[in-house]
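One structure is given below, encoded as structure tokens.
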2 protein chains.
Amino acid sequence: MESRPLRYFVAVAEELNFTRAAERLGISAPPLSRAIRALEAELGAVLFERTTHSVALTPAGTVLLEQARIALDALDAAGHRARRAVEPKLVLAVKADSGGGLLEGILAGYAADPAAVPIGVRLCGWGEQASLVRRGEADAALVHEPFDHTGLDAETVAVEPCVAALPVGHPLAAREAVAVAELGLPFSAPVSAAELHRFQVGIVERHGIRDLSQILALVELGELVTLLPVSVGERYPRPGVAYVPVPDAPPAVLRIVWPRESRSRAVAALVRAAAGRRD
Amino acid sequence: MESRPLRYFVAVAEELNFTRAAERLGISAPPLSRAIRALEAELGAVLFERTTHSVALTPAGTVLLEQARIALDALDAAGHRARRAVEPKLVLAVKADSGGGLLEGILAGYAADPAAVPIGVRLCGWGEQASLVRRGEADAALVHEPFDHTGLDAETVAVEPCVAALPVGHPLAAREAVAVAELGLPFSAPVSAAELHRFQVGIVERHGIRDLSQILALVELGELVTLLPVSVGERYPRPGVAYVPVPDAPPAVLRIVWPRESRSRAVAALVRAAAGRRD
DNA sequence: AATGTTTACGCATAGCGTAAGCATG
DNA sequence: CATGCTTACGCTATGCGTAAACATT
């Protein structure tokens, strides 16, 4: 099994369109089509049901997609970890503004550990943290649940209630507390963390958001209403935005994650510093 | 990161000799040498310290070797699992004669589980079981400790005392029990499972052994003395071989292992059948 | 008819082998 | 001085692009 055909396969499986997948890969459609056919021949399994206007994964293709992502991540990880082994330094991936002030404490606590090595923080975008760890670009990451745990171990760093971010003029902005149902969000009564996450991802994708200040700007303009961990609200006050507790929203769970097979003392020390020796 | 240079790298890292590695890969030495240099350039890291007569891994190379094995196993696994997804069937890897009669019970118990699918047993050689699971050629395996747990989850199936296999004429053959120290094996006083395992591997490699009957034949001839789980001795009596309990030997631990990320109902059912609902 | 996958054909280049160079034990 | 890694050079074959055919909506 070679890596290139697998990369091609993943592109097609994600786009479900040979032309777009080829563009993404920087090649033309014909060699891509042939590569997939060759892969199917090698495996002795049909990977896509295709008509001229539709492409869909077969059961074998679905299995291969899941396994290929794991394998390609592991391949990337091999390269990145070997490269970074030249001058060992810990990298912690963090989404900007997500720690709500905990990051400083974690880094200070870590620096006091005898197993500490130099550490750097890698800021990244929404939902990239876990992937950076899987691909070996970071040694650990701070991530809010829910996320894909594949290949990762995790410890809880903080659990805290959510607040709604509302424009100051909003009817609910002066309330002591609000219920999720009152916010007019597309949720059924007891909202799950997974539903909330899908909603947030939807916002981020629709508006092309890159950081928290963009969200708050949109809230201020009355363009959207969203939920945030209370510590984030406290840390980023903004004149035009009011934060109101939402007791029935699922709590925000912040976790530190690291590669499952890691036996690094330095990573273990960082986890201890972040999770507060909860072991 | 492409897979072929990594395969080449692993061959060199394992052989610590470009010529032998090239033979093993079925290519000649020059392209191998170039491939490694290209890989080093791509990574920006020296992987081997080489003089004309010696090749040694650098720290970066050591990291890459470990990571490359994981990645290449995952790559193999992607192919095998996709291929096998065409007609789903569970494969259990077992070393011939290692189950001591437990295998039948496990398979029968599994067949009674509502989540059961067709199952096949894949017989394999010494120390191959875990690797077969990692590479996706099997869905689970029965393995004696110790083995490399990388990427695998495990449950204990059986723990049992060891017996020494001795030729009937041996001075200790008529004893009720013997101590490890009396057997004249190259161990210090409290023998660890790891030491015992290294010793067994040594025997297997030196004599080119492929199954239990070869070992027993050598014991019968007085060529060697070894330790076995008691159930194996009971199951394979042999006129010229006496089995004597060795109370101070580490117990034999048989485990069932499966891929860490597996969420298969069928695998879970097999584990239940093997581990006896110990959850 | 228009969109999107596939086949046909010609070309560039990645990767291999042979032969010779060179450093080290 | 012999073993074994490396450089030099020429070739094969894998894999890409363009053009055109074909099938489906």
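The figures that follow rest on heavy atoms only: side chains count, while hydrogens, waters and symmetry mates do not. Just so it is clear: chains get the letters A, B, ... in the order the sequence lines come, proteins before strands, and each one is counted from 1.
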Atom [atom1] of [X] and atom [atom2] of [N]: how far apart are they, to the nearest Å?
X: A:E23; N: C:dT5; atom1: CD; atom2: C1'; value: 14 Å
X: A:R20; N: C:dG4; atom1: CZ; atom2: P; value: 8 Å
X: A:I36; N: C:dT7; atom1: CD1; atom2: C1'; value: 17 Å
X: B:R37; N: D:dG4; atom1: CZ; atom2: C1'; value: 14 Å
X: B:L25; N: C:dG15; atom1: CG; atom2: P; value: 14 Å
X: B:E2; N: D:dT14; atom1: CD; atom2: P; value: 16 Å
X: B:R50; N: C:dG25; atom1: CZ; atom2: C1'; value: 19 Å
X: A:E15; N: C:dT3; atom1: CD; atom2: C1'; value: 17 Å

Checklist entry - Below 6.0 angstrom between ring centroids: does that apply to A:F199 and A:H197? => result no
Item to check | base_contact_polar (C:dG17 base, B:R34 side chain, donor-acceptor, <3.5 Å) | outcome: yes
Any side-chain heavy atom of [X] sitting closer than 4.5 Å to one from [Y]?
X: B:Q200; Y: B:L227; result: yes
X: B:R84; Y: B:K89; result: no
X: B:T58; Y: B:E40; result: no

Next on the checklist: Check the phosphate of D:dT3 against B:N17, side-chain N and O only, distance under 4.0 Å to OP1 or OP2. Yes or no?
Outcome noted: no
Checklist entry - Mind checking whether A:F48 and A:F9 have parallel, tilted or perpendicular rings, split at 30° and 60°? => result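 Because their plane-to-plane angle lies in the 30° to 60° range, the rings of A:F48 and A:F9 count as tilted.
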Item to check | Toward the 5' end of DNA chain D, by each residue's nearest nucleotide, B:F18 or A:S28 | outcome: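 Its nucleotide being nearer the 5' end, the pick is B:F18.
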Checklist entry - Between B:L32 and B:A21, which heavy-atom pair has the shortest distance, and what is it? => result CD2-CB, 3.8 Å
Checklist entry - Is B:T19 touching bases, backbone alone, or none of the nucleic acid, heavy atoms closer than 4.0 Å? => result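 Sugar-phosphate, backbone atoms only, no base.
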Checklist entry - When we call it a touch if two heavy atoms are under 4.0 Å apart, what does A:Y8 touch: a base, just sugar-phosphate, or nothing? => result sugar-phosphate
Checklist entry - Can you tell me how far CD1 of A:I209 sits from CG of A:L224, rounded to the nearest 0.5 angstrom? => result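 Spacing of CG (A:L224) from CD1 (A:I209) equals 6.0 Å.
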Next on the checklist: Does the protein touch nucleotides 20-25 of chain D at the base, only the backbone, or not at all? Give it as B, S and - per nucleotide, heavy atoms under 4.0 Å.
Outcome noted: ---BB-
